[in-house]
Amino acid sequence: MLAQPPAWFILLAFIAAIGPLVIIHELGHYWVARMFRVGADQFSMGFGREIAGWTDKRGTRWRVGWLPLGGYVKFVGDTDPTSLEHGNAQPSTAKGESFQSRPPWQRFLIILAGPVANFLLAIAIFATFFAILGMPRTSSEVTAIMPGGPAATAGIRIGDRITSIDNRDTSTFESVTQVVAMRPGTPVAINFVRDGSQRTVRVSLASVIEKDRFGQEFRIGRLGIYGSKREFVDISPIAAIGAGTDSTLRLIVATYDGIRQLVSGKRDLKELGGPLRMAQMAGQQASLGLIDFVSMLAFFSINLGFINLLPIPVLDGGHLVLTSIEAIRRKPVSERAMEWAFRGGLAFLLALMLVATFNDLGAFGLWDRVGRLIG
């Protein structure tokens, strides 16, 4: 078991991970806004007091804040730096048109560009790895079965090729492992090919607790099968982009599955992690080397993009919903409705953050130590 990295290393790794990902997100908003001639008053890399900066020829102030944990872009006419808020359309300036003066479809694309930028970054990371290191490839054919496991009980045999699990495509053994791991203790339908014919069985996946290299425990699903040895195949840069896109889409689906399970109660809310656990993960992966750290960046980038697409006011997804409603109604949502929507969204996110932070502190053993002190 590996030792946990020191606190200062975890902090630096977290800053090195989250800061650039949020800036990439905001650059997505910024570049699409420029395509539609929307002006920007500020682009901030980091929060808090400005420690360095410059003003470009378009009048945009590019500033560096003292707290390097993200950033924001403030468009012409915005009332606050986090915005993309609704309000009265502002006239054009030397910097460009105001955000609110643009038609709904343009504002929709500007908002959508942030999450898309995060997904494109993940695709670029995966594609680069595949082009340099080769494409990992394994068959979804079963090469061994754990006696007494769910697969053995369901009648799955050596030589069967798993094609899908719970309506999720499993063309490789990695995808089999990924889908199964996300469904501990869940009954699923497994489609497989035996002797050229398609078959289906219902299986209740096992639920097991596994420890990673740092001794942390995770609850995952287990089918009780083994696959062939992984091989790395050289592929062209174009094929690497396609493979990177496929890997990104699979992780997006896995993220959706995880959130759906939390909402439906299939997973305990205690499994919800927050910034502290993300910081710990960043430090751990950075301590393993550059490849592990960059791989984690792709995972974080996908999560950042996906979470921002959730239809919650304050997040990009909430703005997309409100902009779509405006396009359908052909008039903006009322200011009162907007105010209540954003208040509710902010309250929900704060509550979620409190729960996640509480879980993080529990995962670090704080509540056990407090209990021992009290007892």
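If you're wondering where the values come from, they're calculated on a predicted model, not measured in any experiment.
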Response to the item:
OG1 of T357 to CG of L276, rounded to nearest 0.5 Å, is 5.5 Å

Item to complete: Scan L109, I111, N308 and name whichever one has a side chain to side chain contact (heavy atoms under 4.5 Å, CB included) with L320.
Response: I111

Worksheet, complete the sentence: To the nearest 0.5 Å, atom CD of E231 lies from atom CE of M135 at 12.5 Å

Discussion item. Could you check whether any side-chain N or O of Q261 sits under 3.5 Å from a backbone N or O of M182, counting only pairs where one atom can act as donor and the other as acceptor?
Written reply: yes

Worksheet item: Are there more than 12 heavy atoms of other residues, nucleotides or ligands under 6.0 Å from atom CD1 of I238?
Response: no

Worksheet item: Does F108 offer a backbone N or O that forms a donor-acceptor pair with the side chain of T323 under 3.5 Å?
Response: no

Worksheet entry | Within 6.0 angstrom of F232 CZ, more than 12 heavy atoms from elsewhere | yes

Worksheet entry | Residue pair R63 / S44, side-chain donor-acceptor N/O under 3.5 Å | yes

Worksheet item: Does any N or O in the side chain of N118 come within less than 3.5 Å of the main-chain N or O of L21, such that one atom is a donor and the other an acceptor?
Response: yes

Fill in: Interatomic distance, L304 atom CG to I24 atom CD1 [nearest 0.5 angstrom]
11.0 Å

Worksheet item: Charged N to carboxylate O under 4.0 angstrom, E174 versus R250?
Response: no

Item to complete: Could you tell me whether D292 atom CG has more than 12 heavy atoms of other residues or ligands within 6.0 Å of it?
Response: yes

Worksheet entry | Expected output: side-chain S295 to main-chain I291 donor-acceptor under 3.5 Å | yes

Fill in: Within 6.0 angstrom of Y226 OH, more than 12 heavy atoms from elsewhere
no

Discussion item. With a 6.0 Å cut-off on the ring centroids, do F342 and H319 count as close?
Written reply: yes

Worksheet item: Has the side chain of D246 got a donor or acceptor atom that lies under 3.5 Å from a matching backbone atom of G242?
Response: no

Practice prompt. Mark yes when over 12 heavy atoms from residues, nucleotides or ligands other than R329 sit less than 6.0 Å from its CZ; otherwise mark no.
Written response: yes

Worksheet item: Quick check: are there more than 12 heavy atoms from other residues, nucleotides or ligands sitting under 6.0 Å from CZ of F348?
Response: no

Worksheet, complete the sentence: Between D41 and F75, the two heavy atoms sitting closest are OD2-O, 3.7 Å

Discussion item. Tell me whether the rings of W54 and W62 are parallel (<30°), tilted (30 to 60°) or perpendicular (>60°).
Written reply: parallel

Discussion item. Under the criterion side-chain hydrogen bond (donor to acceptor under 3.5 Å, both in side chains), I'd like the reasoning laid out for S140 against R161: C-alpha separation, chi angles, the key distance, then a yes or no.
Written reply: CA-CA 5 Å; S140 60; R161 182 168 55 83; 5.0 Å; no

Response to the item:
Residues joined to L354 in its hydrophobic cluster, side chain to side chain under 4.5 Å directly or through other members, sorted by chain and number, are none

Worksheet entry | Rounded distance [0.5 Å steps], CG in L120 versus CD1 in I125 | 11.5 Å

Worksheet item: Can any side-chain N or O of D166 pair as donor or acceptor with the backbone N or O of R168 at less than 3.5 Å?
Response: no

Fill in: Non-hydrogen atoms of F293 and A286 that approach each other most closely
CD1-CB, 3.6 Å

Item to complete: Find out if a path of hydrophobic residues (ILVMFWY) with successive side-chain heavy-atom gaps under 4.5 Å connects M278 to L352.
Response: yes

Worksheet, complete the sentence: Between D169 and T163, the two heavy atoms sitting closest are OD1-O, 3.6 Å

Fill in: Working for side-chain contact (heavy atoms from CB on, under 4.5 Å), residues R102 and R37
CA-CA 9 Å; R102 311 316 293 163; R37 300 189 301 278; 3.8 Å; yes

Worksheet item: Is the number of heavy atoms from other residues, nucleotides or ligands under 6.0 Å of R157 CZ greater than 12?
Response: no

Discussion item. Run R107 and E326 through salt bridge (Lys or Arg N to Asp or Glu O under 4.0 Å) and show every step you take.
Written reply: CA-CA 11 Å; R107 282 185 273 129; E326 178 184 345; 2.7 Å; yes

Worksheet item: Can you name the nearest heavy-atom pair linking F299 to L251, along with the distance?
Response: CD1-CD2, 4.5 Å

Worksheet item: Given R183 and D257, is the side-chain contact (heavy atoms from CB on, under 4.5 Å) satisfied, shown in steps?
Response: CA-CA 9 Å; R183 292 161 173 78; D257 286 339; 2.8 Å; yes

Worksheet item: Between CG of L315 and CD1 of I307, what distance do you get to the nearest 0.5 Å?
Response: 8.5 Å

Worksheet item: To the nearest 0.5 Å, how far apart are CZ in F14 and CD in Q280?
Response: 12.0 Å

Item to complete: Would you name the heavy atoms of G244 and F126 that are closest together and state the gap between them?
Response: CA-CB, 3.7 Å

Discussion item. For F173, is there any backbone N or O sitting under 3.5 Å from a side-chain donor or acceptor partner on T138?
Written reply: yes

Item to complete: Heavy atoms only: give me the nearest A298-A122 pair and the separation to one decimal.
Response: O-CB, 3.8 Å

